[in-house]
Amino acid sequence: MQLNEMSFDGATPIEGYGPGFFRIGGQAFEGGVLVTARGARSWGGYEDTGPLLALKDDVDVIFVGTGAETGHIPSELRQSLEAAGLGVEAMNSPAACRTYNVLLSEGRRVALAVLPV
């Protein structure tokens with residue numbers, strides 16, 4: 001197996017996570033987090049739709065990390081994001097973090113809205 005180092009060209013990858021927290025850009029965030037190539041901020045969860053909808057001109061898809069287990073996001077949230085032209089992919093938070101990092105390293109227009117494990 002060949003391992004390749006990822007390059008993020010100044011973008012903000014997920015560096016790590018654990019019970020209740022995420023490490024992003026050398027900073028620890030407790031609770032939900034919204035991450036884009038430009039930075040990270042706290043996210044209030046499924047009801048906090050404003051910051052997600054504000055990304056409609058900057059990203060093509062938002063990966064939603066649903067916590068330790070894969071779950072469905074509320075249909076109202078999915079419908080709002082899709083109506084704004086955003087792709088939505090829900091998966092467990094570890095998988096969402098990995099997927100976000102890989103696509104970010106490829107220069108893709110992605111965001112991550114993630115709940116802690």
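Within the structure, no pair that satisfies the side-chain hydrogen bond (donor to acceptor under 3.5 Å, both in side chains) test touches residues 21-30, not counting sequence neighbours. Within the structure, the salt bridge (charged side-chain N to carboxylate O under 4.0 Å, His left out) test picks out the following pairs touching residues 56-69 (sequence neighbours left out): R38-D58, D60-R109. Residue pairs meeting the salt bridge (charged side-chain N to carboxylate O under 4.0 Å, His left out) criterion with at least one partner in residues 81-91, sequence neighbours excluded, are R78-E82.
Side-chain atoms of Y100 come within 3.5 Å of backbone atoms of T36 as a donor-acceptor pair (strictly under, hydrogens ignored). Looking at N92, its side chain never comes within 3.5 Å of a backbone N or O of G67 through a donor-acceptor pair. Checking side-chain atoms of T99 against main-chain N and O of A96 turns up no donor-acceptor pair under 3.5 Å.
I24 places a side-chain heavy atom less than 4.5 Å from the side chain of V35. Annotation: side chain of Y17 is in contact with side chain of C97 (closest heavy-atom distance under 4.5 Å). Put simply, the side chain of T49 does not reach to within 4.5 Å of the side chain of S80, judged on heavy atoms. Residues E106 and V102 have side chains in contact (heavy-atom distance under 4.5 Å, counting atoms from C-beta outward). Contact check for V88 versus V61: no side-chain heavy atoms found under the 4.5 Å cut-off. Counting heavy atoms from C-beta outward, L34 and L55 have side chains that approach closer than 4.5 Å.
Rounded to the nearest 0.5 angstrom, L103 CG and F63 CZ are separated by 4.5 Å. In this structure, CG on L77 lies 8.0 Å from OH on Y46, to the nearest 0.5 angstrom. To the nearest 0.5 Å, the span separating CD1 on I73 from CG on L81 amounts to 6.5 Å.
When hydrophobic clusters are built by joining Ile, Leu, Val, Met, Phe, Trp and Tyr residues whose side-chain heavy atoms come closer than 4.5 Å, directly or via intermediates, M91 is not grouped with V59. With hydrophobic clusters built from ILVMFWY side chains whose heavy atoms lie under 4.5 angstrom apart, I14 does not share a cluster with V64.
For A28, there are no side chain to side chain contact (heavy atoms under 4.5 Å, CB included) partners, not counting sequence neighbours. In terms of the salt bridge (Lys or Arg N to Asp or Glu O under 4.0 Å) criterion, R41 has no residue partners (sequence neighbours excluded).
Pairing each heavy atom of G71 with each of T66, the nearest pair is N-OG1, 3.1 Å. Listed here is the closest heavy atom pair of P51 and D48: CD-OD1, 3.2 Å.
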Expected list for residues 110-117: side-chain donor-acceptor pairs under 3.5 angstrom, two or more places apart:
none

